[in-house]
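For reference, the structure discussed in these notes is given below.
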Amino acid sequence: MVFDEFYIKSLVRAVPDWPRKGVTFRDITPVFQNPKALRMVADCFIQRYVDTEITHVAAIDARGFLIGSIVAYALNHPLVLVRKKGKLPPETHSHTYEMEYGHATLEIHRDACPAGARVLVFDDLIATGGTILATSSLFRKLGAEISEAAAIIDLPDLQGSIRLQEADIPVYTLCAFESE
């Protein structure tokens, strides 16, 4: 199946003024509700990473879990869950960071991967890049490196992809939405 960016973009629902006035939320739920679209997205990522040196797939809570788990399974790599504070049992590393709408804290298990691991990070979209930068900090505490950050959507107006690239984190997204 050939990836069709316009088809995927047509399924992403724009929700104006959510979670606050002036923000247009990009809802990927319809992509996951459509078997053809889900297969197209998953196959595109799997093909990109099948012959790489990646050793682990990290998925960010919660929508990153959806595609990250499919890719980890297909590539036969361990899946590392990056969770919101308080969702993992003890023995975690945590990192608090600024978001578009306040602060958040992410955690991973202290034994999530060995030093030297090459990690692919999945999230649903890249906005300001703060969530993936926080995730990168967590993996650095373990001695791992981020091979690439991947997402279905990039919001380039918020410059997250640029911030990630400036932090030496390669970025791959399937489509982008400019502000309206």
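K87 places no side-chain N or O within donor-acceptor distance of the main-chain N or O of V82, the cut-off being under 3.5 Å. Using a distance-only test at 3.5 Å, with no hydrogens or angles considered, no donor-acceptor pair links the side chain of D27 to the main chain of R13. A donor-acceptor pair under 3.5 Å is formed between the side chain of D17 and the backbone N or O of G22. Counting only distance, with no hydrogens or angles, the side chain of T135 and the backbone of T131 share a donor-acceptor pair below 3.5 Å. Between the side chain of R26 and the main chain of A14, no donor-acceptor pair closer than 3.5 Å is present.
For the atom pair CG (L106) and NZ (K84), the distance works out to 9.0 Å, reported to the nearest 0.5 Å. Note that the CG atom of L38 and the CG atom of L66 stand 8.5 Å from one another [nearest 0.5 Å]. The OG atom of S69 lies 6.0 Å from the CG atom of L79; values are rounded to the nearest 0.5 Å. The structure places CG of L125 at 5.0 Å from CG of L155, a figure rounded to the nearest 0.5 Å. For the atom pair CD1 of I126 and CD1 of I162, the computed distance is 11.5 Å after rounding to the nearest 0.5 Å. The distance from atom CG of L11 to atom OG1 of T29, rounded to the nearest 0.5 Å, is 11.5 Å.
Contact detail for L158 and A127: the closest heavy-atom pair is CB-O, 3.4 Å. Shortest non-hydrogen contact noted between V119 and A144 is CG2-CB, 4.1 Å. Contact detail for A42 and I70: the closest heavy-atom pair is CB-CG2, 3.7 Å. Taking each heavy atom of V80 and H56 in turn, the nearest pair found is CG2-CD2, 4.2 Å. Contact between I153 and F177 at its shortest, heavy atoms only, is CG2-CD1, 3.6 Å. Residues S147 and P170 approach most closely at O-CG, 3.3 Å, considering heavy atoms.
Annotation: R110, atom CZ; neighbour count of heavy atoms from other residues, nucleotides and ligands within 6.0 Å is above 12. The 12-atom threshold is exceeded at CZ of F3, counting heavy atoms of other residues, nucleotides or ligands nearer than 6.0 Å. The 12-atom threshold is exceeded at NZ of K141, counting heavy atoms of other residues, nucleotides or ligands nearer than 6.0 Å.
Screening T173, I28, D123 for a side-chain contact (heavy atoms from CB on, under 4.5 Å) with I152, the sole residue that qualifies is I28. Among L88, I108, T105, the single residue meeting the side-chain contact (heavy atoms from CB on, under 4.5 Å) criterion with S94 is T105. Just one residue in the list E145, E53, H77 forms a side chain to side chain donor-acceptor pair (under 3.5 Å) with R118, and that residue is E145.
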task = Could you walk me through whether E107 and R83 pass salt bridge (Lys or Arg N to Asp or Glu O under 4.0 Å), step by step?
result = CA-CA 5 Å; E107 296 180 326; R83 301 292 317 264; over 6 Å; no

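L81 has its side chain out of reach of D61: every pair of non-hydrogen atoms, C-beta onward, lies at least 4.5 Å apart. Looking only at side-chain heavy atoms (C-beta outward), H109 and P89 come within less than 4.5 Å of each other.
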